[in-house]
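Position 1 is the first residue of the sequence; numbering continues from there. Predicted model, so just to flag it, every value in this text is computed and none were measured.
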Amino acid sequence: MTSWYRNAVVYQADVRMFHDSDGDGWGDVRGLTRRLDYLRGLGATAVWLLPFYTSPFRDGGYDVADHLAVDPRLGDVADVARMLEAADDLGLHVLLDLVCQHTSDQHRWFQEARSSRKSPYRDYYVWSDEPVETGVEPMFPDVEDGVWTWDEEAQQFYRHSFYSFEPDLALDNPRVRDELWRIMTFWLRLGVSGFRVDAVPHMVERARAADPSDGGQWLVREMRDVADRHGHDAVLLGEVDVEPQQYADYFGTRDTGHGDGMTMLLDFYLNNHLFLALARDDARPLVEALGRHPQPPQHGAYAQWLRNHDELDLEQLTAVERDDVLKAFAPTSHEQAYGRGIRRRLAPMLDGDVRRVAMAHAVLFSLPGPPVLRYGDEIGMGDDLSLPEREAVRTPMQWTDGPNAGFSTAPADRLVAPVITDGPFGHRRVNVYEQMVQPDSLLTKVGQMIRARLGLRETGTVTPEPVEVRLASGGAAHPVLALRYAHEGSWVLMLTNLADEDLEVALCVETADAPFVDVLADQPYGQVGGATVPVDGVERPVARLAAHGYRWLRPRDRHGVCEAP
């Protein structure tokens with residue numbers, strides 16, 4: 001039996017930015033609840049909610065001041081309970097962001113800890129009389145010049161891997177872990193389907209320092225145990241920006257071979273090479289990256305995405321590769337972040353070209369593992385580079401061409417963040433309601449991809465096999481990504497043309513007696529299988545792909561039944 005998440009489509013929403021139900025300028029849980037039918041209509045089967053806990057919101061809510069309370073500007077726990085009930089009625093799973101590596105400096109634990117060295121909360125955090133070398137580098141080098149900050153009240157330095165207002169939790173302390181397990185239990189009992197776990201490598205670093213015997217895996221195993229005890233088929237989706245050879249430490253497969261850690265890993269490695277492929281109009285970096293991926297455990301998976309709420313972190317690329325991506329998509333320092341990434345939305349990086357943005361989504365949906373969509377990317381929302389750091393990609397959802405893009409009835413100066421109003425990505429040109437009635441809109445295309453993907457039983461079950469493609473006129477077709485999924489006698493071949501030119505390609509698969517059928521395509525095409533060309537002495541079927549086009553193909557027999565590979 002396939003677990004629900006293996007072939008899920010996850011929609012990432014920021015409650016603050018999604019829909020304001022009460023006119024105070026902030027999106028809220030009730031507003032999100034009203035828009036759940038939009039997510040279901042799009043085809044999403046799960047929603048990942050960014051932090052809505054009590055917070056000063058200096059870091060998008062990741063500076064949590066109370067993990068067990070909803071920020072009053074966003075609602076209360078009763079609102080969350082009603083939202084979960086509505087999501088369940090629609091068949092939507094809900095994942096919450098679990099921020100375990102640090103808290104806000106306004107959290108009660110930290111305020112108690114800094115008040116006295118005898119406080120029972122003192123050892124909830126990492127303190128030192130002098131800054132010591134830990135091997136941990138600041139995550140935001142443009143903002144923080146180190147990981148230690150002096151606290152005048154505590155008369156000690158405290159460590160912070162992220163911002164100075166986000167002190168690191170001492171996860172080697174069993175009382176801290178007990179607090180975190182209480183938090184997980186609370187939300188699982190309320191009805192969430194699991195968590196996206198923030199900053200997992202930083203958590204494991206603390207665990208490794210306390211007990212290096214298994215590389216810190218004991219911490220992810222404890223977290224898995226809590227999830228399994230309190231949530232049937234509960235998901236732990238780990239934010240793990242490491243090289244593939246380290247994935248086993250987070251899946252929990254290093255020693256046992258069994259997946260007793262994270263359920264899924266957000267696949268930064270493949271994400272980086274996806275953008276390298278887009279920058280070069282060449283599918284080979286992505287195919288080669290797939291080849292370096294270890295197989296996930298039996299009930300595990302990789303989660304894929306294009307953009308998220310942070311910068312596009314390119315640390316998994318070489319310096320030359322990173323430079324190619326930056327030149328293509330963020331050539332100025334104003335568009336870049338922290339010396340390692342890009343602070344732009346997907347559509348502006350691709351010049352607002354609907355064909356290219358749709359093509360990028362086609363690549364996403366052809367990759368193994370659940371796809372994750374960032375709110376607004378399905379309509380091609382833009383960014384606001386006048387906002388600092390990662391806030392550039394955190395702007396209100398654009399629902400209509402009316403005041404405040406239909407996000408809120410509050411005066412514009414009271415909004416949680418400015419709506420993008422001007423230019424090619426302004427809300428009068430880019431909004432949900434307008435695209436809903438356009439048959440060729442990006443929203444329509446993405447919705448078609450989601451529904452087609454959900455109808456493919458192969459994609460959530462097996463790892464794809466790259467298929468060789470040749471230009472029909474001869475030579476390699478490097479711009480074409482071709483992945484075949486085969487399972488229990490049926491298969492699907494997913495083709496995407498990264499280049500801005502029409503191509504005819506020979507597919508190095510066995511020719512069926514009758515034509516292939518298009519499961520999905522960017523435009524009407526002729527049949528595949530009628531015309532063939534010889535490749536290495538074997539007749540191969542020819543497929544046409546428009547510039548930035550995509551096709552998902554199945555072979556069929558004369559009765560329309562899919563054939564075995």
Side-chain angles (χ1 to χ4, degrees), residues 10-42 44-100 103-104 106-108 180 182-198 230-231 234-235 237 309 374-376 394-397 399 404-410 414-417 419 432:
V10 183
Y11 189 95
Q12 184 209 47
D14 187 336
V15 174
R16 298 176 306 149
M17 302 289 179
F18 208 58
H19 184 59
D20 172 17
S21 71
D22 57 10
D24 69 350
W26 285 61
D28 46 48
V29 177
R30 292 186 183 187
L32 171 76
T33 305
R34 293 178 184 177
R35 298 296 191 181
L36 289 178
D37 57 346
Y38 165 74
L39 304 187
R40 200 65 187 97
L42 184 62
T45 60
V47 55
W48 154 24
L49 299 180
L50 271 62
F52 52 66
Y53 316 110
T54 303
S55 169
F57 285 103
R58 298 179 65 187
D59 182 21
Y62 285 89
D63 47 333
V64 179
D66 187 345
H67 293 82
L68 299 178
V70 179
D71 191 280
R73 291 164 288 191
L74 309 184
D76 56 28
V77 172
D79 290 329
V80 174
R82 285 193 290 269
M83 179 270 294
L84 291 171
E85 184 177 10
D88 187 59
D89 288 344
L90 291 168
L92 284 167
H93 293 270
V94 178
L95 305 179
L96 303 189
D97 234 306
L98 184 64
V99 187
C100 296
T103 70
S104 166
Q106 301 304 304
H107 199 292
R108 179 178 63 87
L180 299 180
R182 286 179 61 244
I183 292 163
M184 291 178 64
T185 299
F186 176 82
W187 293 110
L188 287 168
R189 289 290 189 184
L190 198 63
V192 306
S193 295
F195 304 95
R196 178 267 191 184
V197 188
D198 186 55
H230 298 289
V235 165
L237 172 59
H309 57 291
R374 167 74 167 158
Y375 82 90
R394 301 171 180 177
T395 59
M397 182 67 174
W399 295 103
N404 296 332
F407 163 70
S408 173
T409 58
R414 289 178 53 196
L415 299 184
V416 61
V419 170
V432 170

**Asked** What are the two closest non-hydrogen atoms of Arg394 and His309, and how far apart are they?
**Response** NE-O, 2.9 Å
**Prompt:** Side chains of Val94 and Leu49: does their closest heavy-atom pair fall under 4.5 Å?
**Reply:** yes
**Prompt:** Passes side-chain contact (heavy atoms from CB on, under 4.5 Å), Leu95 versus Ser193? Steps please.
**Reply:** CA-CA 6 Å; Leu95 305 179; Ser193 295; 4.2 Å; yes
**Asked** Are any side-chain N or O atoms of Asn404 and backbone N or O atoms of Ser408, one a donor and one an acceptor, separated by less than 3.5 Å?
**Response** yes
**Prompt:** Do you know the tightest heavy-atom contact between Pro396 and Ala417?
**Reply:** CG-O, 3.3 Å
**Asked** To the nearest 0.5 Å, what is the distance between CG (Leu39) and OG1 (Thr45)?
**Response** 10.5 Å
**Message:** Taking the side chain as everything from C-beta on, heavy atoms only, tell me whether Leu188 gets closer than 4.5 Å to Thr185.
**Reply:** no
**Prompt:** Would you find a donor on one side and an acceptor on the other, under 3.5 Å apart, between the side chain of Asp63 and the backbone of Arg58?
**Reply:** yes
**Item:** Distance-only polar pair, side chains of His19 and Tyr38, donor-acceptor under 3.5 Å
**Value:** no
**Item:** Heavy-atom check, side chain of Val80 versus side chain of Val70, under 4.5 Å
**Value:** yes
**Request:** Determine, step by step, whether Val64 and Thr103 satisfy the side-chain contact (heavy atoms from CB on, under 4.5 Å) criterion, reporting the C-alpha distance in whole Å, the side-chain angles of both residues, the deciding distance to 0.1 Å, and the verdict.
**Result:** CA-CA 5 Å; Val64 179; Thr103 70; 5.5 Å; no
**Prompt:** CG of Leu84 to CG of Leu92: how many Å apart, nearest 0.5 Å?
**Reply:** 11.0 Å
**Asked** Which pair of heavy atoms, one from Ala65 and one from Ser104, lies closest together, and at what distance?
**Response** N-CB, 4.1 Å
**Message:** Using 0.5 Å steps for rounding, measure from the CG atom of Leu180 to the CG atom of Leu98.
**Reply:** 7.0 Å
**Item:** Non-hydrogen side-chain atoms of Ile183 and Leu68 separated by less than 4.5 Å
**Value:** yes
**Request:** Flag yes if more than 12 heavy atoms outside Arg40 fall under 6.0 Å of its CZ atom; otherwise flag no.
**Result:** yes
**Request:** Determine the minimum heavy-atom distance between Ser55 and Gly61, stating which atoms define it.
**Result:** OG-CA, 3.6 Å
**Prompt:** Is it the case that Thr54 and Asp66 place a side-chain donor and acceptor less than 3.5 Å from each other?
**Reply:** no
**Considering all heavy atoms, the nearest Thr409-Asp20 contact** = N-OD2, 4.5 Å
**Asked** For the residue pair Arg35 and Gly406, what are the closest heavy atoms and their distance?
**Response** NH2-O, 4.1 Å
**Item:** Centroid separation Tyr375 to Trp48 less than 6.0 Å
**Value:** no
**Request:** Begin from the C-alpha positions of Asp28 and Arg30 and carry the test salt bridge (charged side-chain N to carboxylate O under 4.0 Å, His left out) through to its verdict.
**Result:** CA-CA 5 Å; Asp28 46 48; Arg30 292 186 183 187; over 6 Å; no
**Item:** Parallel, tilted or perpendicular: rings of His67 and Tyr53 (30°, 60°)
**Value:** tilted
**Asked** Do Leu50 and Arg16 have side chains that get closer than 4.5 Å, going by heavy atoms?
**Response** no
**Message:** Tell me which one of Tyr62, Phe57, Trp187, Phe18 satisfies ring pair (Phe, Tyr, Trp, His ring centres under 6.0 Å) with Phe52.
**Reply:** Trp187
**Asked** Can a salt bridge be assigned to the pair Asp71 and Arg73 using a cut-off of 4.0 Å between side-chain N and carboxylate O?
**Response** yes
**Message:** What's the separation between atom CZ in Arg196 and atom CD in Gln12, rounded to the nearest 0.5 Å?
**Reply:** 7.5 Å
**Request:** Check the pair Thr33 / Arg82 against side-chain contact (heavy atoms from CB on, under 4.5 Å), numbers first and verdict last.
**Result:** CA-CA 8 Å; Thr33 305; Arg82 285 193 290 269; 5.8 Å; no
